[in-house]
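Please read the structure below before turning to the comments.
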There are 2 protein chains.
Amino acid sequence: MSARRARVLELAVLGLLYESPLHGYGLRKRLNSELGFFRAFSYGSLYPCLKRMLRRGHISQHPEETGFGRTRIVYRLTEAGHQHLHGMLDEVTPAACDDESFGVYFALFGHARSDLRLRILHGRRDRLLTRLKELRSRLAHTADDYLRELRRHGAESVEREIHWLDGLIAREQRLAALSPSQPGPLG
Amino acid sequence: MSARRARVLELAVLGLLYESPLHGYGLRKRLNSELGFFRAFSYGSLYPCLKRMLRRGHISQHPEETGFGRTRIVYRLTEAGHQHLHGMLDEVTPAACDDESFGVYFALFGHARSDLRLRILHGRRDRLLTRLKELRSRLAHTADDYLRELRRHGAESVEREIHWLDGLIAREQRLAALSPSQPGPLG
DNA sequence: GTTAGCATGTAAGGAGTTACATGATTTT
DNA sequence: AAAATCATGTAACTCCTTACATGCTAAC
């Protein structure tokens, strides 16, 4: 139950710091260029987020000299942070597989065990299936021609994403069958 | 410049009240079942929004008896509200054509003049084109296989929506050619 | 020398949510 | 008699943004 509503930003920071320690400015760059979404995070949300995570003991600070007098503050995942990330990934449910969170999860795939990847793919699939049913039932009750067309196209997009996921899931299962225990530590 | 950042909720309420007067509870129902998005608005956002709109003089209140002692408050668009709605539609730019706003605009199509519909369709198309370019340039710089696949699929979806819009635009232009001045008042 | 990038933050505000508070009516 | 639906709101909170504040370095 408890499980603080997964903030996308925090999850993303945990994911990035899992890969390697980084300072605020660098985190923001990677956040906005490499992570799976279109959205741009600002410093006004990033730095306070880092402070919260520090307070909770999920990350630690390490001042670092950059050659001259310039100092930057490198953040590193603590053991508690690692456990928190694992905890969040353990709790991946369809409800937590909105577009943005899914993008972040996907960005972690390279470090994830096959069973985690499958759990995420299935979670996303379930969520899309629910949305598709809803869209179809709305479509059935929509008289306006324009709205019908909008929803028809929406449903088609969702169907396509489900089909795409089916392909990924099948591939993942083939891989898992070939080599049952992968080395990836996240899962 | 000015143009208060178009809040989706306010635009949606203007659109619904443009069709017909309605009370808060009824607005919320239509908001969450008929409008183009998946999101559900709560009373905690709707009622304060109605108050703001009242203060600005865009809507007016009309208590109404429902048969017994029960009274409900029906809201009606004022002349200033009509003008505000027209003003917002005049300013439709690609930047204002995010997924949600586009859904609301689309819901107004039945009341819109052909040129307004075309403006909205083109605005959305421009926005998607920008997103597509961005996605492709990211794709070109993405090494990770999983992220490549995510972006490839994302780009494909955007391409499809652009293609869908092209069809709607072509149809709209044929219609406009057949009957140059439609009766719809919004535009 | 000025623009762009590096680097870290704070304050105020926006736009929504959930939970609370209340009460009547209709359906099961 | 319980549950769903009708009906109107408020308070506290969340998570983010923009604008502000500061200052250094690299490139053009």
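Protein chains get the first letters and strands the later ones, always in sequence-line order, with residue 1 at the start of each.
An angle of 40°, rounded to 10°, separates the two end axes of the helix from C:dG1-D:dC28 to C:dT28-D:dA1, each defined over five pairs.
B:R70 has its CZ atom 9 Å from the P atom of D:dT8, to the nearest Å. As a whole-Å value, the separation of B:E65 CD from D:dC6 P is 19 Å. Rounded to whole Å, the distance from CZ on A:R28 to C1' on D:dT18 is 12 Å. At whole-Å resolution of the value, CG in B:L9 and P in C:dA15 are 10 Å apart. Here D:dA7 presents its P atom at 15 Å from CG of B:L50, a figure rounded to the nearest Å. When the C1' atom of C:dA7 is taken as reference, atom CD of A:Q61 falls 14 Å away, rounded to whole Å. Whole-Å rounding puts the B:Y25 OH to D:dG9 C1' distance at 14 Å. Rounded to whole angstrom, the span from the OH atom of B:Y75 across to the P atom of D:dA7 amounts to 13 Å.
Checked against salt bridge (charged side-chain N to carboxylate O under 4.0 Å, His left out), A:D90 has no partners two or more places apart in sequence or in another chain. Remark: A:D115 pairs with A:R113 by the salt bridge (charged side-chain N to carboxylate O under 4.0 Å, His left out) rule, at least two apart or across chains. Partners of A:L139 under the side chain to side chain contact (heavy atoms under 4.5 Å, CB included) rule, at least two apart in sequence or in another chain, are A:R148, A:R151.
Judged purely by atom type and a 3.5 angstrom limit, B:R119 uses its side chain to pair as donor or acceptor with the backbone of B:L89.
Nearest nucleotide to the A:I73 side chain, out of D:dT17, C:dG9, D:dA7: C:dG9. Here the nucleotide nearest the side chain of B:K51, chosen from C:dT10, C:dT8, D:dG9, is D:dG9.
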Using residues 37-46 of chain A as the side-chain source, report each donor-acceptor pair under 3.5 Å to any protein atom, sequence neighbours left out, with the distance given to one decimal.
residue : atom : partner : partner atom : Å
A:R39   : NH1  : A:E100  : OE1          : 2.4
A:R39   : NH1  : A:E100  : OE2          : 2.8
A:S45   : OG   : A:S42   : O            : 2.9

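Listed in residue order, the members of residues 42-49 of chain B having a heavy atom less than 4.0 Å from DNA chain C are B:S42, B:G44, B:S45.
Looking only at atom types and distance, the side chain of B:Y146 has a donor-acceptor partner in the side chain of A:R117 under 3.5 Å away.
Among the protein residues, B:R52 comes within range of no part of the nucleic acid, since none of its heavy atoms lies under 4.0 Å from any strand.
Proximity of A:L128 to A:L132: side-chain heavy atoms (C-beta onward) are nowhere separated by under 4.5 Å.
Taking all atoms of both residues into account, the shortest heavy-atom contact from B:D99 to B:R131 is OD1-NH2, 3.7 Å.
Aromatic ring orientation, A:Y18 versus A:H111: perpendicular (interplanar angle above 60°, classes split at 30° and 60°).
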